[in-house]
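Data first, discussion second: the structure below is written as structure tokens.
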Amino acid sequence: LNSEKILWVKNINKINAYPTLYLANDNLCLSMQKIGDFENLKTSYRFLYKQLDASKELESKNDLLNKKLKKISSIVGLIKNSGRTGSIFLHSLLDGHPEITTLPGIYLKGFFHPHVWKKLYINNKNTNWRKILLQNFFIFYEALFDANSLVDVPGAPMNGLPGPASGLTTLGEDRNIALKVDKKTFSKHMMAYLESFESMERSTFFKLIHLAYDSSIGRNTDAKLIFFHIHNPTFVESAQFLKDFPSVKFLQIIRDPIQALESWCKIDNKKKFSEPNKEYFQNNLYLNKFATVLNYFYNPIIKYSKETAVIKLEDLKLNSDETLKKLSNWLDINYNKSIEIPTFQGHYYWGISKLNPNIKGFSTESINRELGIFFSKNDQDRIKPLMYPYRKNYLYTADDREIFLNQLKYAENQINNVFDFEKEVLSLSLKEDEKINMQLKGLRKLMMSVINNIKKGDDLIDFPNII
């Protein structure tokens, strides 16, 4: 065993002794992802999945409510591929569909973390458990009821406050509408549902949230499908979600990975920092972003799901009609005109592009953009070969394998050279920031793992089909 695998064995043994160390489980899986150790990542995730307890299925005293809950047993989880891929844009197209119940944005991304449920639900020994559960939900998910909220939600799904960062405070043709839900109305509907239960489980409450939300905004609650934008779950969050809903299907929205990565990594090169803050760290943590993109289809969440499919942002924007019809068929819903306009609660959704803030809906500016806003030509020549299996499978490149192998050899020969984008990051970094060196070393380790996996033939991934 090499030193890393010895450390992995020690860590897994510690976690075996203390099975509720969720953060340790997450960090262990993340560390395996960062160094490209996919076998140990699968082992760690499998252990994590097995140790989690599934929610129990509950029935209420209300037969009509039971029928509604049973009808929305079909759940599709939307996960973004990596970088900027238009996941909220896709979500906005489905928000008004009469056969779908969905919450706007990514507010419930962290809902399935076991710690979150323990904070929301105390148990049913206290006769006021229903009121306490609802009050706790209002506290933790204030942003769901007012997108202008200055309080983040559990799981911190965005780099910034969830409402503004998701574009939910600039809705409508004049961008002057912030999404809101009346708490009193929501409380009335939720309490009516809770009164018919003697206790509560996370999976049932998740469904009730959707029913109460739809009733609160006057939307038809006879939906047949829950569309859940889980976005970018941690390993613990995704494993618990799968445990609670083992029949869930996942939809992934993708985009040319190097374009998506470049958009994600893009920093304000005019901005210097006198001291570290959240924005500074986000600018410098490019290793995490590379690890997510390069390892995305090794994510164990795909292996545990009942079914996974891919939708390309390029298809959605360039071949909209056909792609939306295929999406409707895959979701097993009727095609509806509402799917042609990006909205939340009927208000036009503009998106959150920093590069093109004035683009609308199906505009192709973002996907037609030439590479080079962050990666130089030399950087691109070294990065593209690492993404070849992905890009070849989803038709982002026409290069044959011989050309690719020559490109891969070049990337390997250049492995120790600093990227041009790294020089830019270094020039904007604080001199005493030791994490920069960790990023430099870590990226090379990750790249060599990817290169070695490709050489061994491990690049032959069972990629999900395009819808």
Side-chain angles (χ1 to χ4, degrees), residues 29 33 38 41-42 45 74-95 100 102 105-106 108-109 112 155 157-158 166 225-235 237-239 241-242 245-261 263-264 288-320 322-324 326-333 339 342 351 366-367 387 389-396 459 461-467:
C29 289
Q33 186 187 55
F38 309 124
L41 171 58
K42 286 190 288 187
Y45 193 83
S74 179
I75 299 175
V76 171
L78 173 63
I79 46 179
K80 70 169 189 171
N81 173 51
S82 47
R84 304 284 169 78
T85 57
S87 63
I88 302 179
F89 167 65
L90 171 58
H91 187 181
S92 71
L93 298 176
L94 297 171
D95 182 75
I100 292 176
T102 185
I106 35 66
L108 294 194
K109 172 260 181 187
F112 285 90
M158 302 293 282
S166 300
L225 168 72
I226 293 178
F227 189 80
F228 176 37
H229 192 168
I230 195 169
H231 199 59
N232 54 351
T234 65
F235 292 101
E237 291 163 356
S238 67
F241 177 49
L242 283 162
F245 295 108
S247 62
V248 65
K249 299 198 304 184
F250 283 104
L251 178 64
Q252 302 166 80
I253 181 165
I254 68 169
R255 177 183 176 188
D256 186 342
I258 191 164
Q259 191 183 61
L261 179 62
S263 180
W264 195 12
N288 289 6
K289 298 171 183 177
F290 268 81
T292 301
V293 175
L294 292 177
N295 297 329
Y296 188 75
F297 285 105
Y298 290 99
N299 192 331
I301 190 174
I302 295 169
K303 303 299 180 186
Y304 278 81
S305 62
K306 177 184 176 182
E307 183 182 348
T308 303
V310 158
I311 184 170
K312 294 173 65 173
L313 181 64
E314 293 85 356
D315 290 345
L316 195 57
K317 295 203 170 194
L318 297 173
N319 192 13
S320 306
E322 184 179 346
T323 303
L324 290 172
K326 288 180 178 179
L327 175 60
S328 299
N329 289 336
W330 187 81
L331 293 171
D332 194 24
I333 57 175
I339 206 172
S366 60
I367 57 174
M387 299 175 174
Y390 176 118
R391 298 184 79 238
K392 183 70 172 178
N393 186 77
Y394 292 117
L395 307 179
Y396 289 115
D459 61 307
I461 306 165
D462 186 17
F463 287 105
N465 292 326
I466 299 174
I467 57 164

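Computed from a prediction, not measured in an experiment: that's the story for all the values here. Note: hydrogens, waters and symmetry copies are ignored here, and every other heavy atom, side chains too, is used.
- Here the closest heavy-atom approach between residue Ile367 and residue Glu314 is recorded as CD1-CA, 3.9 Å.
- Heavy atoms only, all atoms of each residue included: Asn232 and Pro157 are closest at ND2-O, 3.2 Å.
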Before giving the answer on side chain to side chain contact (heavy atoms under 4.5 Å, CB included), spell out for Met158 and Lys109 the whole-Å C-alpha distance, their side-chain angles and the decisive distance to 0.1 Å.
CA-CA 10 Å; Met158 302 293 282; Lys109 172 260 181 187; over 6 Å; no

What's the verdict on side-chain hydrogen bond (donor to acceptor under 3.5 Å, both in side chains) for Tyr304 and Ser238, showing C-alpha distance, side-chain angles and the deciding distance?
CA-CA 10 Å; Tyr304 278 81; Ser238 67; over 6 Å; no

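- Closest approach of Arg255 to Ala260, counting heavy atoms only: CD-CB, 4.2 Å.
- Phe89 places a side-chain heavy atom less than 4.5 Å from the side chain of Leu316.
- You'll find the side chain of Leu94 reaches within 4.5 Å of the side chain of Leu331, heavy atoms only.
- Annotation: cation-pi geometry satisfied between Lys312 and Tyr396 (NZ/CZ under 6.0 angstrom from ring centroid, within 45° of ring axis).
- For the atom pair NZ of Lys249 and CG of Leu225, the computed distance is 8.0 Å after rounding to the nearest 0.5 Å.
- Looking only at side-chain heavy atoms (C-beta outward), Ile311 and Trp330 stay at 4.5 Å or farther from each other.
- The NE2 atom of His229 sits 8.0 Å away from the OG atom of Ser166 when rounded to the nearest 0.5 Å.
- Here Ile106 contributes atom CD1 and Ile230 contributes atom CD1; the two are 11.5 Å apart, rounded to the nearest 0.5 Å.
- The shortest side-chain heavy-atom distance between Met387 and Leu294 falls under the 4.5 Å cut-off.
- At least one side-chain heavy atom of Leu90 sits less than 4.5 Å from a side-chain heavy atom of Leu327.
- Using modelled atom types, one side-chain atom of Thr292 and one backbone atom of Asn288 make a donor-acceptor pair closer than 3.5 Å.
- A pairwise comparison of heavy atoms in Ile79 and Pro233 identifies CG2-CD, 4.1 Å as the closest pair.
- Taking every heavy atom of both residues into account, Gln252 and Pro464 meet most closely at NE2-CG, 3.5 Å.
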Take Thr102 and His91 through the test side-chain hydrogen bond (donor to acceptor under 3.5 Å, both in side chains) and record every step on the way to the result.
CA-CA 9 Å; Thr102 185; His91 187 181; 2.8 Å; yes

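- You'll find the side chain of Phe245 stays beyond 4.5 Å of the side chain of Ile226, heavy atoms only.
- For the residue pair Cys29 and Phe235, the shortest heavy atom distance occurs at CB-CD1, 3.4 Å.
- Remark: Asp256 CG to Tyr390 OH distance equals 8.0 Å, nearest 0.5 Å.
- Here the OH-CD1 distance, from Tyr45 to Ile301, works out to 5.0 Å after rounding to the nearest 0.5 Å.
- Side-chain contact between Ile75 and Phe241: present, with at least one pair of heavy atoms (C-beta onward) separated by less than 4.5 Å.
- Between atom CG of residue Asp315 and atom CG of residue Leu318 there is a gap of 7.5 Å, rounded to the nearest 0.5 Å.
- Proximity of Ile339 to Ser328: side-chain heavy atoms (C-beta onward) are separated by under 4.5 Å at one or more points.
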